[in-house]
Amino acid sequence: MAALTGLCAVAGPKLAPLAPYARRLKPLYPRPGRSGWRRWVPSWRQWLGAWLSSFGLVGLFLVVAYAATDIPTNLNTYATQQDNVYFWSDGTPMARTGWVQRQAMPLKDIPEDVRWAVLAAENESFYSDPGISFKGITRALWRTVGEGDTQGGSTITQQYVKNVYLNQNQTISRKFTEAMIALKLDNKMSKDDILEGYLNTSWFGRGTYGIQRASQAYYGKDVSKLNASEAAVLASLLKGAGLYDPTLSAANHKRAVERWSWILDRMVKIGKLSPAERAKYKTFPEPLKTTRAFDTGTQSDYLVELAQQYAKKSAHISDKDFDLGGYQIYTTFDRKRESQLTDAVTKARKQAKQDDPKSVKTAHYGAASVATDGRIVAVYGGPDHRKQGFNESNASTVQAGSAFLPFVYAAGLEHGVHKSRNGPATPVTPQTLYNGDNGIPVTTPEGPYWDRSGKRVAARNDGGQSYGQISLGKALAQSVNTPFMQLGMDTGLANVRQTAEAAGLLPSSMGPQVPAMSLGNSTPSAIRMASGYATFAAQGQHTDPYSVRRITRNGSAVRLDTPAPRRAVGAEVAQEVSQALTESLLTAHPGATAPATPTGGRTGAALAPGGKGGTTQNDTAAWYAGTADSVSTAVVVYRMDLAKSLEPLPLKGLAGTTNDSVPYVIWAKAMGLG
């Protein structure tokens with residue numbers, strides 16, 4: 001108060017000469033010298049003063065409002081949310097996921113004809129206006145206040161502001177805020193950036209946001225391939241897709257054709273389309289009847305699930321960022337191989353339903369194909385992801401059984417055997433002889449191996465058959481169990497485990513380190529079993545299986561940690577195992593031949609096809625795993641009543657015979673073998 005008094009004391013004498021003029025400016029009201037009603041009618045000077053004061057106050061209000069309005073830092077999440085697109089290995093779309101069907105496109109990838117079709121329809125003065133249209137705002141306010149209607153008058157900048165910063169409420173306060181932000185945004189962003197944002201966030205109907213997804217939904221192609229005529233149809237949708245989608249009704253079609261023609265004419269008028277070009281577009285370009293959205297289907301659900309999990313982990317993408325979308329995920333899945341594998345399992349299921357409808361209700365089929373470089377090229381995850389959510393190809397559910405023998409064989413060849421507890425290792429070759437008789441006891445350097453119950457452990461062969469002295473290579477080819485149970489003990493179960501894990505089996509799936517480990521008490525998934533067999537075909541180099549080869553977001557590359565190959569076993573050891581697997585395949589299936597046309601993408605010398613069946617002693621699982629054309633496939637069939645227990649049930653012939661098993665039939669068809 002003292003400061004104000006002092007200010008008045010200083011300023012008072014200086015402002016005193018202005019007092020007479022200030023008194024003259026003060027309106028005399030009611031007017032002196034007038035009588036009756038004329039006393040209350042303002043003079044022209046008073047009218048002019050009132051108008052000037054009003055304009056001044058409005059101007060001051062707008063200046064203050066402009067200065068006080070900030071461009072929001074957080075975009076409307078829904079406006080920036082996009083779908084994620086998954087691609088097959090050949091680059092064609094496989095599936096789209098997400099709540100919103102939107103995919104952002106850089107402005108440089110949107111043809112000029114498409115841009116100007118939109119500008120001609122919505123805001124031809126876009127590149128010269130200040131971000132708002134005073135005429136349009138006045139018209140909109142008049143309709144809102146005077147007629148109780150809320151309507152239009154927005155520039156593209158204003159529409160973009162509404163899309164990404166505000167809600168869709170049609171109120172005067174929202175329109176005012178929209179105009180203030182639009183003015184500020186026009187001074188801060190380039191026109192091209194605003195136009196790009198607008199084209200990528202606008203609603204075009206059919207569940208699509210953005211010009212790219214609209215192009216795919218209405219014409220089944222990327223926006224870069226649209227012509228001016230098609231662009232005019234999409235531009236008309238911005239006025240209201242419910243009124244201008246020509247496929248919805250005859251009235252819509254009529255409106256769409258009229259607006260399409262008007263937009264093309266406007267493009268000619270503003271000099272963005274030549275009359276000669278306009279003359280070429282006489283026929284209305286009918287959009288697709290239905291959208292070509294690549295929705296996930298029964299089998300592709302499993303593929304998307306695998307790729308999504310891998311993408312998040314290997315590209316370090318949080319759930320929040322992933323849900324915002326905009327990612328293009330290029331998978332390793334081969335469309336042809338996926339079709340072959342799915343068809344093979346589907347046919348086997350159908351046959352089982354005819355042969356044993358009761359048992360097939362609890363039957364499960366898991367399968368996966370993995371290339372020697374680690375690419376997962378195909379999986380069969382189940383009959384329908386919507387009914388069975390877990391993925392059979394990636395489930396560690398049942399024991400590997402005798403399909404595990406190649407890992408024991410590789411461990412023996414790699415590490416040798418110990419005849420005494422602390423003695424040196426003795427080399428093992430495919431010609432090394434072991435006792436192949438049924439029921440022989442398992443021994444250690446100190447004598448027979450006794451289990452915890454005090455019983456001597458003995459190895460058993462399928463069918464109780466004895467083979468006498470048999471070479472390890474021949475024993476693997478003929479799937480003789482007893483030599484490998486003893487070989488595992490001689491090599492050391494720790495070495496067997498280490499070799500299996502190095503080849504690709506997960507530590508979490510490995511069974512107890514007891515003699516039964518050599519006969520497959522581990523529970524690998526079909527993906528990991530195929531990956532392990534692929535290691536032998538890759539000359540002993542193992543690459544962890546992966547399902548995504550590249551990720552981009554709105555065209556920009558996203559860093560992806562891809563697995564590198566590492567040495568699992570020696571190249572010579574891998575070659576010996578592969579040769580034994582070839583002999584195993586030809587011994588059980590002499591008619592098996594290699595596919596005529598390679599599709600696995602292998603480089604280097606081709607290997608002869610090879611594979612091996614696998615059974616468990618309690619008949620709860622049947623496997624077949626093997627390699628052809630540098631792709632390894634593993635197939636497992638088992639029974640389990642998930643409504644009651646996770647305990648495997650006896651197959652009871654559901655998987656066929658040992659020499660003509662259902663897993664082998666599926667494997668052979670998936671691999672293209674005759």
Side-chain angles (χ1 to χ4, degrees), residues 84-97 294 296-297 299-317 322 327-342 344-345 366-381 385 391-395 503-504 506 524-535 537-538 541-553 557-566 595 597-604 625 627-635 667 670-672:
N84 293 317
V85 188
Y86 296 79
F87 297 88
W88 293 101
S89 60
D90 62 3
T92 56
M94 181 182 75
R96 298 179 187 275
T97 62
F294 295 86
T296 57
Q299 199 54 223
S300 61
D301 283 336
Y302 299 104
L303 306 182
V304 167
E305 182 183 53
L306 279 176
Q308 177 179 300
Q309 291 172 351
Y310 187 86
K312 288 181 179 180
K313 180 180 179 181
S314 298
H316 309 286
I317 304 171
F322 198 84
Y327 292 97
Q328 297 80 47
I329 301 162
Y330 297 85
T331 74
T332 60
F333 303 124
D334 184 293
R335 185 197 294 266
K336 180 180 178 181
R337 285 189 177 275
E338 180 64 32
S339 178
Q340 288 178 331
L341 183 60
T342 301
V345 179
S369 297
V370 179
T372 52
D373 59 5
R375 290 174 296 115
I376 303 174
V377 296
V379 300
Y380 181 85
H385 190 272
N391 189 334
E392 297 277 15
S393 71
N394 202 31
L506 292 175
S525 66
I527 290 176
R528 285 291 171 170
M529 183 66 90
S531 176
Y533 274 62
T535 298
Q541 292 271 51
H542 172 70
T543 305
D544 280 339
Y546 63 99
S547 56
V548 178
R549 57 188 175 84
R550 184 165 67 95
I551 300 177
T552 60
R553 192 176 195 189
V558 175
R559 180 187 171 188
L560 180 69
D561 295 336
T562 53
R566 63 178 186 273
T597 304
T599 58
R602 172 179 166 80
T603 58
T627 306
D629 186 26
S630 298
V631 171
S632 295
T633 296
V635 182
W667 179 86
M671 303 297 274

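The analysis underlying the following values was restricted to heavy atoms, covering all of them including side chains, and did not include hydrogens, waters or symmetry mates. The shown structure was predicted, so the numbers you read here are calculated from the model rather than taken from an experiment.
Rounding to the nearest 0.5 Å gives a distance of 7.5 Å between OG of Ser393 and CD1 of Ile376. Rounding to the nearest 0.5 angstrom, the gap separating the OG atom in Ser89 from the CZ atom in Arg337 is 10.0 Å. Separating the CG atom in Asp334 from the CH2 atom in Trp88 is a distance of 8.5 Å, to the nearest 0.5 Å. Here Ser314 contributes atom OG and Gln309 contributes atom CD; the two are 11.0 Å apart, rounded to the nearest 0.5 Å. Remark: Trp667 CH2 to Thr627 OG1 distance equals 7.5 Å, nearest 0.5 Å.
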Evaluate the criterion side chain to side chain contact (heavy atoms under 4.5 Å, CB included) for residue pair Arg566 and Asp544; output intermediate values, then yes/no.
-> CA-CA 9 Å; Arg566 63 178 186 273; Asp544 280 339; 3.7 Å; yes
Practice task
Show your reasoning for whether side chain to side chain contact (heavy atoms under 4.5 Å, CB included) applies to Phe87 and Met94.
Solution key: CA-CA 5 Å; Phe87 297 88; Met94 181 182 75; 5.7 Å; no
query = Would Glu392 and Tyr302 satisfy side chain to side chain contact (heavy atoms under 4.5 Å, CB included), going step by step from the backbone distance to the final call?
reply = CA-CA 9 Å; Glu392 297 277 15; Tyr302 299 104; over 6 Å; no
* Chi angles and distances behind the side chain to side chain contact (heavy atoms under 4.5 Å, CB included) call for Val377, Phe333 -> CA-CA 4 Å; Val377 296; Phe333 303 124; over 6 Å; no
message = Could you walk me through whether Asp373 and Arg375 satisfy the salt bridge (charged side-chain N to carboxylate O under 4.0 Å, His left out) test, starting with their C-alpha distance in whole Å, then the side-chain angles of each, then the deciding distance to 0.1 Å, before giving a yes or no?
response = CA-CA 6 Å; Asp373 59 5; Arg375 290 174 296 115; 2.9 Å; yes
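For the pair Asn391 and Glu305, the minimum side-chain heavy-atom distance is below 4.5 Å. Using a 4.5 Å cut-off on side-chain heavy atoms (C-beta onward), Val370 and Val631 make no contact.
Here the shortest heavy-atom pairing between Tyr310 and Pro545 reads CE1-O, 4.3 Å. Residue Met529 comes nearest to Ala625 through the heavy atom pair CG-CB, 4.1 Å, listed as atom of the first residue, atom of the second, then distance. Closest of all the heavy-atom pairs between Tyr546 and Thr332 is O-OG1, 3.3 Å. Ser531 and Gly504 make their closest contact through OG-CA, 4.4 Å (heavy atoms, listed as atom of the first residue, atom of the second, distance). Nearest heavy atom pair, residue Thr543 against residue Thr372, reads OG1-O, 4.4 Å. The minimum heavy-atom distance between Ala634 and Ala526, with the atom names listed, is CB-O, 3.5 Å.
The residue from Ile527, Thr331, Val548 that alone fulfils the side chain to side chain contact (heavy atoms under 4.5 Å, CB included) condition with Leu306 is Ile527.
Side chain of Ser525 to main chain of Arg528: a donor-acceptor pair is present (N/O by atom type, distance under 3.5 Å, no hydrogens or angles). Between the side chain of Ser632 and the main chain of Ala628, no donor-acceptor pair closer than 3.5 Å is present. When atom types are taken as modelled, the side chain of Gln299 and the backbone of Gly381 share a donor-acceptor pair closer than 3.5 angstrom.
Under the rule for a side chain to side chain donor-acceptor pair (under 3.5 Å), Ser547 has no partner lying at least two apart in sequence or in another chain. By the side chain to side chain donor-acceptor pair (under 3.5 Å) test, Tyr380 pairs with Arg349, sequence neighbours left out. Gln308 pairs by the side chain to side chain donor-acceptor pair (under 3.5 Å) definition with nothing, not counting sequence neighbours. Every residue meeting the side chain to side chain donor-acceptor pair (under 3.5 Å) condition with Thr633, not counting sequence neighbours, appears here in chain and number order: Ser369. In terms of the salt bridge (charged side-chain N to carboxylate O under 4.0 Å, His left out) criterion, Arg550 has no residue partners (sequence neighbours excluded). Partners of Lys312 by salt bridge (charged side-chain N to carboxylate O under 4.0 Å, His left out), not counting sequence neighbours, listed by chain and number: Asp319.
If you check the side chains of Thr92 and Arg335, you find a donor sitting under 3.5 Å from an acceptor. Checked by atom type, the side-chain pair Thr552/Gln328 shows a donor-acceptor distance below 3.5 Å.
Seen from the ring of Tyr330, Arg549 does not count as a face-on cation partner, given the 6.0 Å and 45° thresholds.
Between Lys336 and Asp90 there is no salt bridge, since no side-chain nitrogen of the basic residue lies less than 4.0 Å from a carboxylate oxygen of the acidic one.
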